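Small disclaimer: the values here were computed from a predicted structure and weren't measured.
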Amino acid sequence: MKGNITSIQSGMIAPISFYISKENVGTLGVWGAVKKPVIYLSPLAIYEEEDKPYEFSYIYQLEGLESYDIQTIVNPELLPYVTDYKFHYDIYQDNDVSIGHALGNDSGDNFCFEMSSLYNLYEDIYSIASCRVPIMYKNLFGDLLPPYGTLAPYKIYLPDAPLGETVGPKRTFDLTSHFIVVVTLTLETNINGVQNTVVSNQTFIPDVKWNPISLESLKGKYYPHVDK
């Protein structure tokens with residue numbers, strides 16, 4: 001199979017055409033992701049306020065996204081025509097995307113990052129807001145500690161923090177993911193002496209995971225694995 005790939009651009013920039021063959025380009029096309037993107041969450045959450053009227057419960061806010069693994073590639077067969085290129089990554093939330101138990105805890109309680117119309121970018125796509133979680137403050141034996149007046153821990157290790165009637169450290173937190181990754185490629189080309197700029201974007205639904213380094217290194221240093 002042989003043919004042409006044409007990048008249609010808006011504005012005054014002319015389309016760019018590459019003559020290709022199946023042997024040269026295969027299934028990659030002009031560019032794509034090397035593997036499914038992954039976004040990593042911090043396992044820590046920060047104290048926000050009392051969970052009134054529930055006297056043993058406190059609201060914590062998830063620290064949020066800590067890092068990501070997004071690997072992209074331009075088709076090597078097209079590089080002779082490329083003088084420069086740059087990838088840019090944006091992480092948003094999309095109402096049309098809803099993946100329950102995104103962290104893999106099928107028995108966990110599903111929370112999600114809030115989506116507010118104040119952050120609306122398009123009709124259904126939002127910037128990332130906060131994720132607020134009610135935590136029951138208990139000692140290592142699962143006994144409820146005194147209500148308001150007791151200083152709640154400023155930071156907690158969220159994956160194992162007790163939710164509801166949970167006794168002691170137990171992994172009961174999970175997340176419903178509305179995340180999308182929007183990758184934008186800016187490509188500078190020179191074809192037969194004609195220079196052009198091409199801007200192309202693709203949207204991916206990422207996997208969501210705890211940051212494995214933080215998950216291991218911080219365990220045992222914060223409530224519920226210690227009293228404070």
If we only count heavy atoms from C-beta on, is the F179 to L65 side-chain gap below 4.5 Å?
yes
Rounded to the nearest 0.5 Å, what separation is found between the CD1 atom of I70 and the CD1 atom of I91?
5.0 Å
Specify the closest pair of heavy atoms between D106 and H101, including all atoms of both residues, with the distance to one decimal.
O-CE1, 3.2 Å
Write down the atom of Q202, the atom of G32, and the distance for their closest heavy-atom approach.
NE2-CA, 4.1 Å
Would you please test S200 and L187 for side chain to side chain contact (heavy atoms under 4.5 Å, CB included) and show each step?
CA-CA 8 Å; S200 171; L187 198 68; over 6 Å; no
With the 4.5 Å side-chain cut-off for hydrophobic clustering, are V194 and V198 part of the same group?
no
Roughly how far, to the nearest 0.5 Å, is CD1 of I46 from CD1 of I156?
10.5 Å
Side chain to side chain contact (heavy atoms under 4.5 Å, CB included), that's the test. Do S67 and I213 meet it? Break it down for me.
CA-CA 11 Å; S67 61; I213 297 175; over 6 Å; no
Provide the closest heavy-atom pair for V133 versus F173 in the form atom of the first, atom of the second, distance.
CG2-CE1, 3.6 Å
Side-chain (Y157) to main-chain (L215) donor-acceptor, under 3.5 angstrom:
yes
What residues form a salt bridge (charged side-chain N to carboxylate O under 4.0 Å, His left out) with D207, not counting sequence neighbours?
K36
Closest heavy-atom pair and its distance - P153, Y47
O-CB, 3.6 Å
Can you confirm whether V38 sits close enough to P206 that some side-chain heavy atom of one is under 4.5 Å from a side-chain heavy atom of the other?
no
How close do D160 and P224 get, heavy atom to heavy atom, and via which atoms?
O-CG, 3.2 Å
How many angstroms lie between atom CD of E63 and atom CG of N211, to the nearest 0.5 angstrom?
11.0 Å
So, Y85 versus W31, ring centres under 6.0 angstrom or not?
no
Are L103 and Y40 connected in the hydrophobic side-chain network, where two residues link if heavy atoms are under 4.5 Å apart?
no
Joint hydrophobic cluster, I59 plus Y222, side-chain heavy atoms closer than 4.5 Å:
no
Any side-chain donor-acceptor pair under 3.5 Å between Q195 and T83?
no
To the nearest 0.5 angstrom, please state how far the CG atom of N110 sits from the OG1 atom of T176.
3.5 Å
Is any side-chain heavy atom of K221 closer than 4.5 Å to a side-chain heavy atom of K155?
no
Just by modelled atom types, is the L44 backbone N or O under 3.5 Å from a matching donor or acceptor in the S42 side chain?
yes
Nearest 0.5 Å, please: how far is CG in L158 from CZ in F111?
8.0 Å
Shortest non-hydrogen contact from A102 toward D174
N-OD1, 3.4 Å
Taken to the nearest 0.5 Å, the spacing of N196 CG from T189 OG1 works out to 5.0 Å
Does the side chain of I99 reach to within under 4.5 Å of the side chain of V208, using non-hydrogen atoms?
no
Short side-chain donor-acceptor distance under 3.5 Å, T72 and Y89:
yes
Within the 4.5 Å heavy-atom criterion, are V30 and N75 side-chain neighbours or not?
no
Please determine, by modelled atom types, if H178 and N95 share a side-chain donor-acceptor pair under 3.5 angstrom.
no
